[in-house]
Amino acid sequence: MTLLPVDAIRALADQHQKPANVLFQYGTAGFRTLGSALDPVMFRVGVLAALRSKKLDSKTIGVMVTASHNPEPDNGVKLVDPRGEMLEASWETHATNVANAPTTDALIDALETLVKNLKIDLSKPAKVVYARDTRPSGPALVASLEDGLKALGADARNAGVTTTPVLHYLVRAINTKGTKDSYGDDTEEGYLEKLSSAFKQLVAGKPALPPLVIDCANGVGAIVGQKLARHLGNSLELQLANTAIDTLGALNNACGADFVKTQQKLPPSLASVLTPGQRACSLDGDADRLIYFYLDDHGQFHMLDGDKIAALVAAFVVELTKSAGLEGKIQVGIVQTAYANGGSTKYLSERLPVKCVPTGVKHLHHAAEHYDIGVYFEANGHGTVLFSPETLETLSTYQPSTPAQSTALTHLRNLTNVINQTVGDGLSDMLLVEAVLAHKSYSGVEWNSLYVDLPNRLVKVVVPDRSIFKTEDAERRLVSPPGLQAKLDELVRRYEGGRSFVRPSGTEDVVRVYAEATVRSQADELAFRVAGLVYDEVGGDPAKRPSEFL
Ligand code: NG1
Ligand code: ZN
């Protein structure tokens, strides 16, 4: 029986000791905190990734080092399962336990318990692929990760600096190589080739759209976006902005998808770039989110968020299934979270099945898998479209009976290739949106008019202990602290079109408050009042109450 290489683990773990008094948690986005605190976590994640691969019969596991849309001093790490999806939930707990072992001895004990409980066969080889975004703390953290992989003798592949969705793609491509489910060539180049050639076929014969401005958030999207632009040639002209990946402090700073979505305004750096009517979009720091926007003739800013993307894409997919003669054979459904704008939920649920799930991509992804074609997007611009294995089979074997059906079928097949089905992907989603706009001859204006967004406001309240906030009904109602939901209901009733909910963040030490209403000033006021209720509930300093929330 092969045993854990305890001496190798001990020698290397001693170089990455966990400080006392810090607690790490594997949350919805993996481990995420200040980059300077993550060294011991990275080492342990390396060991865990290797164990997970051994457990899964030497399938390749992915590790991504990124803190997405968070500010530059933050960093994070998450594990990617063999089909390119999020880590299985039960391992989130194992990851948290292993990360918090206080000493090297305790770490070895925790690992031995894990191996024993999960019956991990240590004689199996471990295979891991990893990548990082452009954060300055990345290289040192990757070195700690490599020590963890080395301690277990893993066969490790460094995919360098790339986007989160590329890493997810690579994991799936490596694990399906040479099988009938082959996902594409297992390189970044293979990814770019797959997406761009599907896009070119989708828009062939359509008049080229005017150039698209991409706000790269001064992150890794600038690097991969540049390469994508070369692959696209003249099928789509990309104008990259916010590409300062080497400027300290620039990442996600006053730019990027999170800035645009939460501030509901144009990144100031684009003011001199964007012309009225021109389409533009923002990626986040690891390029898995996408938000579109444009300025109208009066210079007024209009945002097209994840909900608008879902509406555009779902309508197009439904139209194609009908044109292909597959109506009734393929059911399209939508998955949203409570953050979806009420306007979008109304519009979509009048047309399609819509399900609401708790925040966090794993919830959306799993719910979308229950449809033949599942469209899921968070309002913040993170999402994708999933085609079930049966649907993929139908699309590949179906015999169209007219030329029109044949054309629609070809489009559907190309859509399955332009879309990164492993995870939300800013660049892939951008090609998807551009393809739909080209087909419909839509500018941002027509797209925006699908439905009207209700004015809304998202604010955060810093609380001493967010774990006292517990929710039900896909996070739309509070069950704890007792009585707070009743106060909220009472307040919401006084606002026309009012809706509000409170939930603890999974990634920050805050409670988030969302509110919407028919009129902007009312949405703001409702958010402000609910935040006040939360603040009082946790005994916040009265001197610091209200106005700072807005
Ligand atoms: P939390 O911090 O749990 O609200 C945020 C986003 C999620 C998701 C995760 C992972 C909002 C309101 N919340 O989660 O949608 O993207 O980060 O990055 O946008
Ligand atoms: Zn991200």
Side-chain angles (χ1 to χ4, degrees), residues 25-33 64-72 74-78 80 86-87 92 131-135 162-168 215-221 224 251-252 255-264 282-291 305-307 310 335-341 356-365 376-384 420 423-429 456-463 466-467 469 471 474-476 500-516 527:
Q25 201 195 340
Y26 196 100
T28 38
F31 292 108
R32 198 176 287 183
T33 182
M64 184 69 202
V65 179
T66 178
S68 188
H69 56 280
N70 285 21
E72 194 165 291
D74 289 358
N75 214 326
V77 61
K78 60 184 171 186
V80 177
M86 300 283 162
L87 178 68
E92 294 182 1
R132 66 173 174 92
D133 69 14
T134 55
R135 269 159 224 275
T162 192
T163 70
T164 295
V166 167
L167 193 267
H168 284 252
D215 159 20
C216 300
N218 296 314
V220 66
V224 182
L251 180 70
N252 294 324
C255 62
D258 195 54
F259 173 87
V260 174
K261 175 65 185 161
T262 53
Q263 305 286 316
Q264 307 184 21
S282 285
L283 303 169
D284 71 336
D286 62 340
D288 60 354
R289 289 189 188 185
L290 177 73
I291 299 281
D305 64 1
D307 301 334
V335 187
Q336 301 187 316
T337 72
Y339 290 107
N341 192 280
C356 181
V357 299
T359 307
V361 170
K362 65 178 178 216
H363 299 294
L364 289 126
H365 197 92
Y376 77 81
F377 273 89
E378 293 187 294
N380 61 31
H382 187 275
T384 186
N420 184 345
V423 76
D425 180 335
L427 291 169
S428 155
D429 291 339
N456 61 89
R457 179 69 64 200
L458 180 62
V459 294
K460 40 183 161 178
V461 187
V462 181
V463 298
R466 72 191 201 271
S467 71
F469 290 84
T471 61
E475 305 181 321
R476 288 173 288 193
S500 179
F501 65 91
V502 171
R503 60 173 277 280
S505 160
T507 61
E508 281 180 73
D509 232 347
V510 300
V511 166
R512 296 197 200 284
V513 171
Y514 177 89
E516 64 188 26

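In this chain, residues are counted from 1 in sequence order. Remember, it's 1-based here, ligands and their atoms both numbered in the order they're listed. Predicted model only: the values in this text are computed from it and were never measured.
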Heavy-atom contacts with [X] under 4.0 Å: which atoms of ligand 1 show up? List them by number with element.
X: T359; value: 7 (C), 15 (O)
X: R503; value: 1 (P), 3 (O), 4 (O)
X: S505; value: 1 (P), 2 (O), 3 (O)
X: H69; value: 18 (O)

Can you pull out the closest protein heavy atom to [atom]? Residue, atom name and distance to 0.1 Å, please.
atom: atom 15 (O) of ligand 1; answer: E378 OE2, 2.6 Å
atom: atom 3 (O) of ligand 1; answer: G506 N, 2.6 Å
atom: atom 4 (O) of ligand 1; answer: R512 NE, 2.6 Å
atom: atom 11 (C) of ligand 1; answer: N380 ND2, 3.9 Å
atom: atom 9 (C) of ligand 1; answer: T507 CG2, 4.1 Å

- Item | Nearest to the Zn ion (ligand 2) - the N/O/S atom of D286, by atom name |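 The D286 atom nearest to the Zn ion (ligand 2), restricting to N, O or S, is OD1.
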- Query: Of all N/O/S atoms in D284, which lies nearest to the Zn ion (ligand 2)?
  - Reply: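 That would be atom OD2.
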Nearest-0.5 Å distance that lies between atom [atom1] in [X] and atom [atom2] in [Y]:
X: D288; Y: D133; atom1: CG; atom2: CG; value: 10.0 Å
X: D305; Y: N341; atom1: CG; atom2: CG; value: 7.0 Å
X: L283; Y: D215; atom1: CG; atom2: CG; value: 7.0 Å
X: R32; Y: T507; atom1: CZ; atom2: OG1; value: 6.0 Å

Would you say [X] and [Y] make side-chain contact, with heavy atoms under 4.5 Å?
X: N456; Y: Q264; result: yes
X: E508; Y: K460; result: yes
X: F501; Y: R512; result: no
X: Y339; Y: T359; result: yes

- Query: Would E378 and K261 pass as an ion pair if we require N to O under 4.0 Å?
  - Reply: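 Salt bridge absent between E378 and K261.
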- Task: Indicate yes or no: does R289 engage D258 in a salt bridge with an N to O separation below 4.0 Å.
- Result: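 The answer is yes: the pair qualifies as a salt bridge.
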- Query: What angle, to the nearest 10°, do the atoms OG (S68) and OD1 (D288) form about the Zn ion (ligand 2)?
  - Reply: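 If I round to 10°, I get 160°.
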- Message: So for ligand 1, is G360 a polar contact partner (N or O within less than 3.5 Å, distance only)?
- Response: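 Checking ligand 1 against G360, no N or O pair falls under 3.5 Å apart.
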- What class does the angle between the rings of H382 and Y376 fall in, given that below 30° is parallel, 30 to 60° is tilted and above 60° is perpendicular?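 Taking Y376 first and then H382, their aromatic rings sit tilted (interplane angle of 30° to 60°).
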- So which bit of K261 gets within less than 4.0 Å of ligand 1, heavy atoms only: side chain, backbone, both or neither?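 Near ligand 1, K261 shows nothing, with every heavy atom at 4.0 Å or more.
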- Query: Given that the side chain starts at C-beta and the backbone is N, CA, C, O, which of these parts of Y339 lies under 4.0 Å from ligand 1, counting heavy atoms, or is it both or neither?
  - Reply: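 Looking at Y339 and ligand 1, just side chain atoms fall under 4.0 Å.
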- Task: Would you check if the Zn ion (ligand 2) lies under 2.8 Å from any N, O or S atom of T164?
- Result: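 Not a single backbone or side-chain N, O or S atom of T164 is under 2.8 Å from the Zn ion (ligand 2).
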- Test item, H382 contacting ligand 1 (heavy atom, 4.0 angstrom):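 False for this residue.
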